[in-house]
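If you're wondering where the values come from, they're calculated on a predicted model, not measured in any experiment.
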Amino acid sequence: MATYSINNNLEFLRHNNRSVKRDKKIKAIKLKGVHIFLIIFLFMTIAAGIFFLGRFIMSWEKLNVKSFTLVNCERINEAAIRKILYRYKGNILAIDLGRLREELLTINQVKDVAISRMLPSGIKLVFTKRIPILQFEFKGKWSIIDDEGIIIERGKRVEKNLITVKGVSKENIKKFIPYLDELNSIKKLVDYVSYRKPFGVLLRLKQSGITVFPGEQEFRKKISYFIKLKERDVLKDLKITSIDMRFQNRIYLEYEKTDVING
């Protein structure tokens with residue numbers, strides 16, 4: 001008669017389960033290792049592909065800059081532009097457009113510039129120019145400035161359509177910027193403007209050569225009133241040299257005395 005022990009069978013089952021679990025764990029570890037290896041290999045392949053593609057693109061001759069398209073660059077220092085652009089050659093993707101913009105902004109006539117790439121080999125530059133508003137003469141030298149007080153040009157040329165300021169240094173020229181609207185309203189009537197303490201803004205009229213101190217507002221209204229007033233009999237024969245209109249409802253005249261000879 002055959003007999004068997006239940007305890008022995010249970011021990012065998014436990015041992016067998018441990019072996020199965022151990023084998024499964026080993027297989028899982030091996031499988032995970034294969035996956036990790038494949039993932040690392042894939043990433044290395046992609047990285048190598050990106051590296052060689054990038055090296056190819058950066059050395060591709062067709063992407064070398066061949067032209068610059070300049071928009072709205074009239075009356076900007078062309079020699080200065082060419083000197084800056086000459087340094088920006090090579091691959092179009094490698095050019096530092098921010099640095100290029102900073103260099104172009106050092107040119108006096110340039111207020112701003114928008115730069116964009118025109119693939120495969122062109123760069124477009126759209127300039128915003130500084131707008132001249134005043135020309136001033138100081139110690140025999142002429143300069144033109146914009147509404148920020150930046151000197152745009154220096155030289156001997158005089159622009160007929162700009163307000164002319166005389167006898168004022170560069171440091172004081174900004175004093176006229178708050179009066180731009182007032183000055184533009186009467187620029188056809190005045191030969192030049194200046195500044196004299198404590199009177200403030202000084203206007204020299206074209207036709208009569210009379211000096212006017214208009215105060216701080218209503219320049220055109222005051223000059224028009226003075227022109228009409230000058231035609232009255234009481235002032236018509238006076239040789240007026242200057243007129244102070246800084247104060248409300250009061251006018252101060254300065255004139256040369258003339259001898260009256262009775263015939």
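More than 12 heavy atoms of other residues, nucleotides or ligands lie within 6.0 Å of CZ in Phe247, so this atom counts as buried by the packing criterion. Annotation: Asn161, atom CG; neighbour count of heavy atoms from other residues, nucleotides and ligands within 6.0 Å is above 12. Summarising the local packing, NZ of Lys66 is surrounded by more than 12 heavy atoms from other residues, nucleotides or ligands at distances under 6.0 Å. Counting non-hydrogen atoms of neighbouring residues, nucleotides and ligands closer than 6.0 angstrom, the CG atom of Leu119 exceeds 12 such neighbours.
Salt-bridge formation is detected for the pair Arg82/Glu78: a Lys NZ or Arg NE/NH1/NH2 atom is positioned less than 4.0 Å from an Asp or Glu carboxylate oxygen. Salt bridge Asp191/Lys166: absent, no basic N to carboxylate O contact under 4.0 Å. Between Arg75 and Glu153, at least one side-chain nitrogen of the basic residue sits less than 4.0 Å from a carboxylate oxygen of the acidic one, meeting the salt-bridge criterion.
Cation-pi geometry between Lys239 and Tyr255 is not met at under 6.0 angstrom from the ring centre and within 45 degrees of the axis. Geometrically, Lys89 engages Tyr86 in a cation-pi contact, judged by NZ or CZ lying under 6.0 Å from the ring centre and within 45° of the ring axis.
Within the 4.5 Å cutoff, side-chain heavy atoms of Glu148 are placed close to those of Arg130.
Inspection of the Tyr88 and Glu103 side chains reveals an N or O donor paired with an N or O acceptor under 3.5 Å.
Neither Ile152 nor Ile107 shares a network with the other; the hydrophobic side chains, linked directly or stepwise wherever heavy atoms of I, L, V, M, F, W or Y lie under 4.5 Å apart, form separate groups for each.
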